[in-house]
Each structure stands twice: as C-alpha cells, then as structure tokens.
Amino acid sequence: MIPRGVSCVLVALLAEHHAVALEGACQSSGLLDGLEDGPGNYLLQTSAAKAASPAPNSAKPEPDDDKTNSTKKKNKNTADSIVGVNDNAEGDLAAFEAGFLTNVGTGIGFIIAFLILKRMYPVIYENNALVEESLKEGRNKLGTSVFSPLYAGCTITIDDVAELAGLDQAMLLQFCQLSMKMFLFIGVPAVVLLAPLYAFASGQASGNKLSKVGFSNVEADSWLCWLVALFVWYVVVIVQNLIFRTQEQQFMPRRKKWLMKMPMPQSNTVLLESIPEEYRNPNKIASFFGDIFGSGSVSQVSFVRDTSNLQALVKKRDDINSDLHEAQFLSEKSGAKDESKESALKQSLQTAEADVDKAREDILAQVSEGISASAFVTFNDQAKSIMALSLCYTEDDEEFVVSVPPDPSDVRYDDLQVGFERMAASETVGYGLIAGLFFGFLPIVTAITNVLSLSTLMNVPVFNDFFTANPTIAELWSSLAATLGLNMFMSYLPTFLVLIFGNFFVLKADNGMQHLLQQWYFYFLLIFVVLVTAVGTSLWERSQDLVEHPTAVFSLLADNLPTASHFYLNYLPLQFSQHCMNLLRYMPLFKYLGFRKVCSEERARQAAEPEDQDFYGMGSRSARHTLVVVIGLIFCTITPAMAPLAFLNAFACRVVYGYLVVYAETRKPDLGGEFWCTQLRHIQQGLGIYIVLMVGVLLQRSTSSGPAVIAGSSSVAWLIRYRRFDHKFHIDSLRIRDIPDAKMGENRVASRTTYDQPELVAPKKS
C-alpha cells in the first residue's frame with residue numbers, strides 16, 4: 001500500500017519553483033486535498049498554502065474574538081499550533097470563499113473521474129450490480145444514464161440498503177438523513193434569525209467580515225445574550241428529540257426485524273466462555289443444559305480448539321494452490337506451457353492436502369487435549385438460547401459466562417482461547433498503549449517534525465549537498481516539514497489503534513474490533529481536532545488542571561474554541577471533496593490492475609477487495625462522520641454558517657455511500673446497528689460539550705449570570721435523556737413474545753452453517 005500522505009509531499013516537491021505557481025497547482029488540482037479523508041491531510045494542504053502565501057506580518061491581524069485573549073500570542077509548541085489551527089483573522093472570508101469553491105470544484109472533478117472509471121472498470125465500481133440478482137432487476141437496478149449512480153445513491157431506501165448491504169450500512173445512511181434533518185431544524189433559525197441579528201443588531205464589536213455574522217460580533221451585555229441562551233435550549237431539545245424519535249421509529253423496528261431474520265445457527269446459539277475444566281467436553285455441556293432446559297435441547301456444541309499447526313498447513317496448501325493457478329494463467333497467456341513446473345506444483349498440492357486432512361482428523365479425535373474454555377452451544381429452539389443468556393449458572397460470575405455470538409464468518413477463534421488472567425494483563429498493556437497515543441501525541445509529532453526539519457537534515461552530508469544545490473526545494477521542504485509529522489501520524493492513527501486492539505485486546509469478532517476502533521478513534525479526533533485549541537502544550541497537564549479545578553472548563557472552552565471557528569468553516573467543505581474522492585476507490589483499482597497481470601480477472605478482483613478496513617472500515621468511517629456532526633453542533637450558535645455546511649456534508653455522504661455500500665463495496669459482517677447506537681451516543685456527548693461552551697461564552701459576554709443560568713439549565717434535560725437512552729432501548733436480543741413471529745418469517749442466508757472452526761470443516765468433495 002502507498003504510504004498515506006507521502007504522495008502529497010512528492011506533488012509539492014515537483015511543483016514549480018515560484019510560490020504563486022505552487023499555490024495555483026495545489027488549489028486547482030486538488031491533489032493536496034488529501035489521499036485519505038482524514039484531518040491530517042487538511043493540515044498538509046494548508047501548509048502548502050502557507051508556503052505560497054506572503055509573510056505572516058504582511059496581513060493585519062484581527063483581535064481575538066474574546067477580549068480576554070486580545071494580547072494572546074500563540075506558542076509554537078501548543079497542540080493547536082502543531083495541528084495548524086489558526087485564530088480567526090482578517091481575510092478569512094476570502095480564504096473561506098476560495099476554499100469552498102476549490103473543494104466543490106475538486107469534488108465535482110472526482111465525480112467526473114468516477115463516472116469515467118466506472119465505465120472502464122465495472123468490476124471495481126459496480127460489481128454487486130453485475131452479480132446480485134436483486135440488483136439486476138427491479139427498482140434498484142442501475143440505469144443506463146451517465147448520472148445513474150448518483151441518482152441511485154440518493155434515492156435508494158434505507159430498508160433496501162438493510163436487505164442488500166446489512167443494517168450497519170443502512171443505519172450509516174440513516175445517520176446522514178438524521179444529520180440533514182438536525183441541521184435543517186437548527187440551521188434555518190440560526191441563519192434566518194441569529195445571523196442577521198449578530199450582523200445588524202449589535203455594536204459591531206468584531207474586526208473581520210466573516211465574524212460579522214457570528215456571536216463574536218455581539219458586544220458585552222447585549223440583549224442578544226438572552227436570546228442565545230434560549231436558542232441553546234432549542235438546540236438541546238431538537239437534537240435529543242430527533243435522536244429519540246429516530247431511534248424509536250427508524251432503528252428499533254429494523255433491529256427487531258434483523259433479529260427475527262437472524263439465520264441459523266446464529267439465532268439459536270450462545271457463546272459460552274470460562275467453562276470449568278470438568279465440563280470441557282461436548283457431551284457434558286449438552287447434559288448440563290439438558291438438565292436445565294430438558295433432554296435433547298442442545299443440538300450442537302462446538303468447542304474452540306487449538307488449531308495453530310493446522311492453520312499453518314492450510315496456509316501452505318493455499319499458497320501452493322495460488323502458485324499453481326498463477327502458473328496456469330501465465331501459461332495460457334503466453335501460449336508456452338511449463339508442464340514440469342505445473343506437475344511439480346500439482347504433486348506438492350496433493351501432499352499438502354493430505355497433510356491438512358491428517359492434521360484435521362488428529363485434532364477432531366482428541367477428547368480433552370487442545371480444547372479451550374470457550375464453546376458455541378446451539379439449541380434446537382431460539383427461545384431457549386434467549387433464556388440461556390439471562391440465567392446465572394454458578395455462584396462464581398466468572399464461570400459459564402454467556403453472551404450473544406458473533407456472525408459465524410466473523411469469529412476470532414484464536415482470541416477465544418485466551419483465559420481471563422492473560423486477557424486482563426494483556427488489555428492493561430493495551431490501554432496503556434492507547435493512553436500513550438493520547439498523551440504522547442504532541443511529543444511524538446514534535447519529535448517527527450524535528451527529525452524531518454531542514455536544520456536536522458542539513459547535518460546529513462547527502463541532504464546538505466542536495467538542499468544547498470536546490471534552495472527553492474529547501475525552502476519548500478522547510479514549510480512542509482512543519483506538518484509532515486502530523487500528517488503521517490494522523491493518517492496512520494487508525495492502523496496504530498487496530499494493531500493495539502488486535503495484539504492486546506481479546507475480541508470475539510473482527511467487527512468487534514471495528515466497533516472498538518469507532519469509539520477510540522472518535523475520542524482522539526474530538527480532542528485533537530475539535531478541542532485542540534484547549535489542550536495547550538500538554539494533554540496530561542491540561543487534564544491535571546481540570547481535575548484540580550473542574551469549573552475552569554467553562555472559561556477554557558470559551559477562551560479557545562470561538563477564536564478558531566473559521567478553521568472549522570474551512571474544514572467542513574474539505575470533507576465534501578474527500579467523500580467524492582472515496583468514489584474513486586483508487587487502492588482497490590490499483591491492486592486489481594496489478595493482480596490481473598498474473599491471474600484471472602475474477603481472482604484479481606477478489607484479491608483487490610476489500611478496501612483498507614483500518615481507514616475505510618465501518619469503525620473509522622462512522623467516527624469521522626460523527627465528528628463532522630459534532631463540529632456542526634458545537635459551533636452552530638457561535639457561527640450560524642456552520643449548520644448549512646454540515647447539512648451539505650451529510651447530503652454528500654448520503655449520495656456517495658448510498659452508492660458505494662450497495663453497488664461497489666463487498667459485503668461485510670453485520671452487527672445489526674451497533675455502530676449507529678454508538679454514533680448517537682457520541683452526538684449526545686458532543687451536545688454536552690456544546691452546552692458547556694455556550695455557558696462559558698455567556699458568562700464572559702454578560703455581566704448578568706441570567707443567560708448562562710438559562711443555557712446551563714438545559715444540561716438537566718440533556719442529562720436525563722442521556723441516561724434514559726440505554727435504559728429505554730435494549731437491542732441485544734429478541735423479546736420472548738416476539739419469537740413466534742420470528743419463526744413464521746424467512747431468515748437471512750447464513751454466511752456459514754456451523755460454528756466449527758473453518759479449518760476443522762472438511763471441504764465437500766466435488
């Protein structure tokens with residue numbers, strides 16, 4: 001895989017020597033908009049613009065939005081300086097207009113490129129429409145017009161997406177629709193009412209044009225503080241009501257339907273962990289549950305076994321099979337058949353298959369050796385499996401731990417062999433490494449930047465000679481190196497988290513890793529993208545300050561977030577072009593073009609899929625979508641223009657991913673909407689930050705505590721609803737009374753028909 005962000009630097013280094021030409025190339029081509037839709041590339045884009053712009057002292061700086069910060073000077077070692085977040089300043093309106101038009105133009109360019117590539121490589125861009133019967137005919141069939149993909153992405157229904165791509169993907173689109181509705185209700189009164197009042201009904205306290213339609217244009221003690229306090233209540237009520245209504249009316253019926261259509265054996269199975277040694281036998285487990293639910297209630301017990309040696313033999317067999325296919329393909333392509341090579345590979349394949357069969361038989365013959373403390377217990381009745389989830393089997397609650405099993409094709413069998421003691425120790429190390437990422441972010445990025453700085457590289461003779469001979473490149477590198485460390489770190493952050501989860505956390509399923517990634521990745525982005533101006537020079541020191549003085553959080557957010565609101569006005573339009581860029585699916589395309597030189601087109605397509613799950617998987621994608629919504633919420637009152645931009649971003653997501661997840665991307669294991677529930681939780685947490693921010697701002701802008709008290713009182717309504725959410729909506733399993741209806745329906749097609757480990761299932765003889 002091409003290193004993320006490196007191509008951005010190469011493009012910049014190959015640009016024209018003159019700064020103006022560099023700026024024009026970057027903006028017109030959109031190449032510096034980022035190779036991944038992550039925050040790091042936005043900073044690289046701005047760094048190139050800085051390299052092409054006049055010196056900082058050539059523009060007149062604007063006073064800070066809050067008068068308490070009027071003499072503040074940025075420390076270059078603070079988090080916001082490292083990330084590249086600048087305070088609001090004169091000229092921001094022109095920069096916003098140019099950035100908005102550039103990103104819209106770049107997005108349109110990506111869409112045009114996608115429509116061309118789709119015609120050239122349909123197996124990458126519409127393969128599902130070619131192979132799935134439900135997409136070949138009917139209302140979801142792609143039309144023949146050029147723009148039919150965009151129309152399909154916009155019009156396909158959520159229920160159809162749930163049937164075709166899974167409930168997780170469907171609720172991702174539902175999240176886009178919820179976001180559009182949310183910012184429509186918030187944005188209309190914010191733009192129609194608040195923005196004109198900010199502009200014309202105040203004392204013109206602000207110093208730049210873009211701030212004139214923001215709360216920073218309101219003088220201290222203005223009567224508008226009271227109106228803003230009431231608007232805070234309006235936002236809280238609207239957001240919470242929309243969340244609860246959508247959860248109750250849109251998600252819960254679909255979740256119930258998803259559970260009712262759960263295929264066998266998943267619907268009738270429970271995952272049993274921490275089985276005592278005396279019960280680690282299929283017959284004993286069957287008898288154990290037979291005594292509780294009646295004889296014959298268990299239809300199958302699949303213990304998780306140690307198959308590490310067998311897995312190595314299976315891999316060896318598959319590698320030989322792949323080499324044989326490649327040799328046959330190249331022989332057919334060239335017309336010169338190498339019979340000796342093919343004969344040797346066929347002989348090796350037969351030997352490898354015999355080794356696999358023997359190892360499988362040896363494992364299955366073992367009664368006690370190699371059997372772990374985990375097993376999948378399948379009942380003959382779904383009601384018994386649901387009741388089994390709620391029973392207490394021994395006085396020790398760490399024995400016979402029962403849970404809902406993942407999809408049979410998504411199980412991480414190796415992790416299920418880990419005991420509780422080892423799991424606790426391993427996860428402790430894992431949490432320590434995650435903490436290291438959070439608290440070490442600034443030192444790590446600073447260290448990378450220092451290593452890559454021009455002054456450091458000039459100490460190496462080779463680089464010294466090169467930069468001395470090319471002073472223009474040296475100057476450009478000096479500008480780019482300032483954010484190169486940040487770009488590299490942020491681009492690979494999801495991969496770092498996945499490596500930690502995969503090596504130190506015990507996970508039942510691969511999608512469980514995606515769900516964990518969603519949660520931690522969102523919090524990292526929340527701190528180092530949204531709250532970065534409040535972090536200061538050290539997250540650890542800032543955390544200690546807040547522990548000692550919790551009430552300082554109000555002034556901390558009020559002093560720092562409003563002064564950087566224009567940065568986020570530019571951040572949101574950038575997301576539009578990056579969503580459009582995702583239509584290109586450039587990495588699967590590159591892999592497909594490479595693989596088809598050595599194998600058949602179908603095998604090349606299979607080898608090219610899926611897209612990088614660290615960055616483009618359900619976890620990272622959900623976290624980034626939620627981040628944009630949270631940004632829109634936090635700044636919707638201070639900067640009313642934020643709401644329309646967030647609405648447009650949600651609409652772009654609805655169109656782009658409405659097409660991709662149905663027609664282009666491969667099907668993924670489905671958690672049935674758990675990502676959606678976490679997204680709603682994150683929105684509610686963002687709403688809490690919004691309340692704290694607005695209380696702090698109103699405390700500073702008004703000598704009367706009345707507006708702040710009114711705004712702060714909305715936290716009571718927020719807290720009640722936040723706590724109520726998990727109690728009201730239980731999604732783990734069907735209610736017993738719904739089981740008769742489930743038996744009458746038609747189940748989904750099972751990905752696998754057994755919970756036995758794949759390597760233990762002998763292939764059917766053709």
Side-chain angles (χ1 to χ4, degrees), residues 61-74 87-90 186 189-237 530-531 533-534 536 542 545-546 548-566 568 633-643 687-719:
E62 181 210 6
D64 288 324
D65 282 340
D66 191 89
K67 58 187 178 183
T68 61
N69 287 334
S70 58
T71 61
K72 180 179 69 175
K73 293 184 179 180
K74 274 198 178 286
D87 284 347
N88 301 343
E90 191 70 37
I186 295 174
V191 172
V192 173
L193 178 63
L194 290 184
L197 290 176
Y198 290 161
F200 301 113
S202 67
Q204 306 297 317
S206 178
N208 75 69
K209 294 180 180 179
L210 192 57
S211 292
K212 288 186 181 298
V213 289
F215 189 65
S216 59
N217 199 38
V218 177
E219 282 188 328
D221 287 330
S222 170
W223 63 272
L224 283 175
C225 292
W226 296 90
L227 178 62
V228 168
L230 294 176
F231 192 79
V232 172
W233 259 99
Y234 172 77
V235 171
V236 171
V237 171
V530 182
L531 304 179
T533 55
R542 183 66 74 197
D545 292 342
L546 290 178
E548 295 174 3
H549 309 286
T551 56
V553 67
F554 297 101
S555 59
L556 179 66
L557 297 187
D559 285 343
N560 293 285
L561 264 65
T563 63
S565 59
H566 297 174
Y568 300 100
L633 279 178
I634 289 176
F635 292 100
C636 68
T637 305
I638 293 176
T639 307
M642 201 74 71
L687 191 62
I689 296 174
Y690 164 76
I691 295 172
V692 173
L693 169 65
M694 294 311 302
V695 169
V697 169
L698 291 172
L699 283 173
Q700 290 185 346
R701 288 301 175 96
S702 177
T703 55
S704 170
S705 59
V709 170
I710 293 175
S713 64
S714 65
S715 62
V716 177
W718 169 81
L719 185 60

Using side chain to side chain contact (heavy atoms under 4.5 Å, CB included), reason through M642 and L633 one step at a time and then give a plain yes or no. CA-CA 8 Å; M642 201 74 71; L633 279 178; over 6 Å; no
Could you state the interatomic distance from CG (D87) to CG (N560), rounded to the nearest 0.5 Å? 8.5 Å
L698 and A711: which non-hydrogen atoms are nearest, and at how many Å? CD1-CB, 3.7 Å
May I have the step-by-step check of side chain to side chain contact (heavy atoms under 4.5 Å, CB included) for L561 and L556, ending in yes or no? CA-CA 8 Å; L561 264 65; L556 179 66; over 6 Å; no
Ignoring hydrogens and angles, tell me if any N or O in the side chain of R701 forms a donor-acceptor pair with the backbone of V218 under 3.5 Å. yes
Using a 4.5 Å cut-off on heavy atoms from C-beta on, say whether the side chain of L227 contacts that of L224. yes
For W718 and V236, indicate whether the former's side chain and the latter's backbone hold a donor-acceptor pair under 3.5 Å. no
Where do I689 and L531 land on the side chain to side chain contact (heavy atoms under 4.5 Å, CB included) test, with the steps shown first? CA-CA 10 Å; I689 296 174; L531 304 179; 4.1 Å; yes
Tell me, please, which residues at least two apart from W226 pass side chain to side chain donor-acceptor pair (under 3.5 Å). none
Test of understanding: with side chain to side chain donor-acceptor pair (under 3.5 Å), list the residues that count as partners of D221, not counting sequence neighbours. T703
Between V213 and A199 the two heavy atoms that sit nearest each other are CG1-CB, 4.2 Å
S714: which residues meet the side chain to side chain donor-acceptor pair (under 3.5 Å) condition with it, sequence neighbours left out? none
Heavy-atom nearest pair, S555 first then Q700, reads O-NE2, 4.1 Å
Step-by-step side chain to side chain contact (heavy atoms under 4.5 Å, CB included) determination, S702 to W223: CA-CA 9 Å; S702 177; W223 63 272; over 6 Å; no
Would you call the rings of Y568 and F635 parallel, tilted or perpendicular if under 30° counts as parallel and over 60° as perpendicular? parallel
Is it true that a side-chain atom of N88 and a backbone atom of P562 form a donor plus acceptor pair closer than 3.5 Å? yes
What's the separation between atom CG in L194 and atom CD1 in I186, rounded to the nearest 0.5 Å? 11.0 Å
Heavy atoms of A229 and P707 approach each other most closely as CB-O, 3.2 Å
Nearest heavy-atom contact between L557 and L693 is O-CD1, 3.5 Å
Taking all heavy atoms of T637 and all of Y690, pick out the closest pair and write down the distance. OG1-OH, 2.6 Å
Report yes or no: do S211 and H566 form a side-chain donor-acceptor pair below 3.5 Å? yes
S705 side, atom OG; I710 side, atom CD1 - distance, nearest 0.5 Å: 9.5 Å
Distance col, row Y234:OH vs L193:CG, nearest 0.5 angstrom, shows 10.5 Å
